[in-house]
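Report on the structure given below.
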Protein chains: 2
Amino acid sequence: MGYRENPRPGGRSARVQAAVHQSVRDMLATMDRADITIPMIAQRANVTPSTIYRRWGDLQELLADVAASRLRPEAEPAKVGSPREDLEAWAEQYADEMASGVGRQMLRDILSASDVANAEKCSGYTQQQLAVFIARAKEQGEAFPTLTELMDHVISPVIYRILFDQAPGPDYVRKLVAKVMPEGTLKS
Amino acid sequence: MGYRENPRPGGRSARVQAAVHQSVRDMLATMDRADITIPMIAQRANVTPSTIYRRWGDLQELLADVAASRLRPEAEPAKVGSPREDLEAWAEQYADEMASGVGRQMLRDILSASDVANAEKCSGYTQQQLAVFIARAKEQGEAFPTLTELMDHVISPVIYRILFDQAPGPDYVRKLVAKVMPEGTLKS
DNA sequence: CGCGCAAAAGCAAATAATTTGCCTTAGTGA
DNA sequence: TCACTAAGGCAAATTATTTGCTTTTGCGCG
């Protein structure tokens with residue numbers, strides 16, 4: 001009697017999931033998160049509350065699921081210049097998105113759920129994106145930081161600040177990138 | 001009709017707060033967090049549920065409050081060798097505590113609450129502790145990283161890993177510290 | 001000291017959310 | 001086509017939350 005992780009596309013289960021996700025996104029856009037309840041989500045999605053309870057367990061799990069699916073990158077990072085420049089542009093946008101009200105909420109939703117799967121998924125997405133820059137740099141023979149260095153010294157500080165402190169400022173990210181680039185790699 | 005942030009010690013309000021906090025700590029120690037409810041906490045603390053609802057709002061706020069108060073450092077970090085060695089020892093213990101089941105839960109509780117105050121408090125505690133090392137190093141004329149460097153390149157990566165990934169390994173923290181120390185500062 | 005005030009707690013009724021058992025529906029694969 | 005099963009609907013039972021009103025407690029003041 002378990003629910004499939006990935007419902008077959010086109011099936012009823014997939015339709016319900018889509019309707020519920022959509023309903024949650026609508027509500028997040030229009031009202032305060034503290035006022036959102038499962039019965040309300042259910043009504044807007046035209047399903048019964050018990051469907052949601054059985055499938056997701058509670059509001060936190062549902063919100064985490066929705067947040068993680070919104071965080072999935074839609075495309076490869078843009079290629080506009082050198083790998084370093086691409087990384088800088090991407091990181092800046094990443095920081096902005098995460099620091100925005102919506103992004104911040106999504107991060108919290110993901111971390112609040114008792115199930116760790118969504119947090120890992122989210123970190124995995126970021127690593128995938130970073131891996132693209134690393135591959136490009138390698139291809140072009142450009143010196144570049146490792147994945148671990150990028151995660152530890154660019155992503156982590158940005159996320160920490162967003163979660164605990166204040167949003168990272170505009171050139172803060174640029175400085176982090178500069179610091180992590182290998183010696184002798186100067187910005188053009 | 002607002003509740004005081006810091007109830008006068010010895011008053012009724014302070015007793016209730018202590019009883020409720022204790023009740024929460026007991027329950028966290030003995031049962032799964034998903035099974036904890038406000039009525040249960042109230043019963044164990046000999047208080048009516050409405051008292052808790054009025055004072056804290058909901059379970060998440062209460063858990064965040066309890067977690068933040070547990071995270072308050074009790075003493076200045078130990079002084080056993082050079083500032084760098086002290087920092088290493090402290091950071092390692094910090095990482096262990098945060099990565100433990102209890103520590104991880106506390107972090108999540110703090111981040112799940114809609115009120116950001118506890119998250120800021122928690123980050124503030126860490127910065128206070130780090131400031132002690134910096135002051136000691138300055139006093140002894142030892143080269144030392146800034147507070148920002150320590151937060152960005154030691155604390156942030158540790159916390160990020162705990163939240164999104166896996167617990168940081170045993171010598172991972174040591175490497176982070178080594179990396180952030182000023183050039184020419186070699187380990188004795 | 002004892003009085004009055006206001007903050008905070010208790011109580012209980014009203015409301016809302018969650019859980020659960022049982023039934024129905026809709027896809028899937030033989 | 002048919003039977004099987006995962007998933008959804010419905011409604012009753014349970015549990016949590018909110019709220020209006022009352023009572024208690026501790027503080028400041030005369």
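Protein chains get the first letters and strands the later ones, always in sequence-line order, with residue 1 at the start of each.
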- Query: Can you list every pair that meets side-chain hydrogen bond (donor to acceptor under 3.5 Å, both in side chains) and has a residue in residues 129-141 of chain A, with sequence neighbours left out?
  - Reply: A:Asp86-A:Arg136
- Within the distance-only criterion (no hydrogens, no angle test), does the side chain of A:Ser69 pair as donor or acceptor with the backbone N or O of A:Val66 below 3.5 angstrom? yes
- Task: Name all residues meeting the salt bridge (charged side-chain N to carboxylate O under 4.0 Å, His left out) criterion together with A:Asp35; count only those two or more places apart in sequence or in a different chain, and write none if there are none.
- Result: none
- Pairs flagged by salt bridge (Lys or Arg N to Asp or Glu O under 4.0 Å) wherever residues 15-24 of chain A is involved - sequence neighbours left out: none
- Item | A:Arg55 side chain near D:dG8 phosphate (N/O to OP1/OP2, under 4.0 Å) | yes
- Query: What is the distance from CD1 of A:Ile52 to C1' of C:dT20, rounded to the nearest Å?
  - Reply: 17 Å
Look for any protein N or O under 3.5 Å of an N or O in nucleotides 22-25 of chain C and output each such pair with its distance, or none.
| from | atom 1 | to | atom 2 | distance (Å) |
| --- | --- | --- | --- | --- |
| C:dT25 | O2 | A:Arg12 | NH2 | 3.1 |

- Residues A:Gln17 and A:Ser13: side-chain donor-acceptor under 3.5 angstrom: no
- Taking only residues two or more places apart in sequence or in another chain, which ones pass side-chain hydrogen bond (donor to acceptor under 3.5 Å, both in side chains) with A:Ser23? none
- Mind checking what makes salt bridge (charged side-chain N to carboxylate O under 4.0 Å, His left out) contact with A:Asp65, not counting sequence neighbours? none
- Task: For B:Gln17 and C:dA9, give me the distance from atom CD to atom C1', rounded to whole Å.
- Result: 15 Å
- Between C:dT19 (C1') and A:Trp56 (CH2): distance, integer Å: 18 Å
- Message: Holding to salt bridge (charged side-chain N to carboxylate O under 4.0 Å, His left out), I want the full list of residues that pass it with A:Glu61, two or more places apart in sequence or in another chain.
- Response: none
- Message: If the condition is side-chain hydrogen bond (donor to acceptor under 3.5 Å, both in side chains), which residues does B:Glu120 pass it with, not counting sequence neighbours?
- Response: A:Gln166
- Query: Which parts of residues 62-70 of chain B get close to DNA chain D, meaning a heavy atom less than 4.0 angstrom away?
  - Reply: none
- Note on the structure: Across all chains, not counting sequence neighbours, the side-chain hydrogen bond (donor to acceptor under 3.5 Å, both in side chains) partners of B:Ser100 are none
- With sequence neighbours left out, which residue pairs that include part of residues 101-115 of chain B fulfil the salt bridge (Lys or Arg N to Asp or Glu O under 4.0 Å) condition? B:Arg33-B:Asp109
For nucleotides 15-17 of chain C, tabulate all protein N/O to nucleotide N/O atom pairs closer than 3.5 Å, reporting atom names and distance.
| from | atom 1 | to | atom 2 | distance (Å) |
| --- | --- | --- | --- | --- |
| C:dA17 | OP1 | A:Thr37 | OG1 | 3.4 |

- Message: Nearest to the A:Thr48 side chain among D:dG8, C:dC11, D:dG9, which nucleotide is it?
- Response: D:dG9
- Item | Side-chain N or O of B:Thr51 closer than 4.0 Å to phosphate OP1/OP2 of C:dA9 | no
- Note on the structure: Ranking B:Asp58 and B:Arg15 by the position along DNA chain D of their nearest nucleotide, the one closer to 5' is B:Asp58
